[in-house]
Amino acid sequence: MSPQVMAWLEDSTLGHLMRDSGVWTYAVVNLAHILGIALLFGSIFVLDLRLLGLWPRIPLAYLARPTVVIAGAGFALAAMTGGGLLATKATDYIGNPFFPIKLAAIALGLLNIVLVRRLPAWKVRANPDLEPSQRRQLAWAGGVSLACWLTAISAGRLIAYW
């Protein structure tokens, strides 16, 4: 993000609210952000391991249904609270090399979700006898997903240490 956007965000009503509402506002928003990440990654981790071939006796369609819903709720919570955390001191992130890495990893993770939903193998996920090529498609998607979300989480944590 440009320095102008970061300055605008920090000077926004949200930025002032996050800084001026007392220590508990930031603490609660931070805890909610961590909860969102836990919901997102916890469910995605289980689904991605299944896509990689673990637990083949558990039908993918049965596992995907709740994990996708939980991951979506977790992402929504993490994104909403992340905006508040960013607005608190947005200009401090200018020049931090981990911030663009985090944003890129999130964008790639979301793009991977869109692409997975278009895979022929995903469309027939209720079939317990996927062909080897379909299993490979899903395994690649699961591996890419893990790489994206682990990178986003790691970069997000490293932002604080720059």
Is atom [atom1] of [X] surrounded by more than 12 heavy atoms (other residues, nucleotides or ligands) closer than 6.0 Å?
X      : atom1 : value
Trp162 : CH2   : no
Arg117 : CZ    : no
Trp122 : CH2   : yes

Which atom names give the shortest non-hydrogen contact between Glu10 and Lys89, and what distance separates them? OE1-C, 3.3 Å
Would you name the heavy atoms of Ala105 and Thr151 that are closest together and state the gap between them? CB-CG2, 3.8 Å
Distance from Asn127 atom CG to Arg125 atom CZ, nearest 0.5 Å? 12.0 Å
How many angstroms lie between atom OG1 of Thr88 and atom CG of Leu17, to the nearest 0.5 angstrom? 9.0 Å
With side chain to side chain contact (heavy atoms under 4.5 Å, CB included) as the test, would you mind laying out the steps for Leu146 and Phe41 before giving the verdict? CA-CA 9 Å; Leu146 281 175; Phe41 188 68; 4.2 Å; yes
Quick one: which of Leu60, Leu52, Leu130 gives a side chain to side chain contact (heavy atoms under 4.5 Å, CB included) with Arg135? Leu130
Step-by-step side chain to side chain contact (heavy atoms under 4.5 Å, CB included) determination, Phe75 to Ile44: CA-CA 10 Å; Phe75 179 79; Ile44 286 292; over 6 Å; no
Using a 3.5 Å distance criterion without hydrogens, assess whether the side chain of Asn112 forms a donor-acceptor pair with backbone atoms of Cys148. no
How would you list, by chain and number, every residue that makes a side chain to side chain contact (heavy atoms under 4.5 Å, CB included) with Trp8, sequence neighbours excluded? none
Show, in sequence, the C-alpha distance, side-chain angles and deciding distance for Leu86 and Met6, and conclude whether the side chain to side chain contact (heavy atoms under 4.5 Å, CB included) test is met. CA-CA 9 Å; Leu86 176 61; Met6 299 297 261; 3.9 Å; yes
Are Leu54 and Leu51 connected in the hydrophobic side-chain network, where two residues link if heavy atoms are under 4.5 Å apart? no
Is Val5 reachable from Ile106 through a run of I, L, V, M, F, W or Y residues, each pair having side-chain heavy atoms under 4.5 Å apart? no
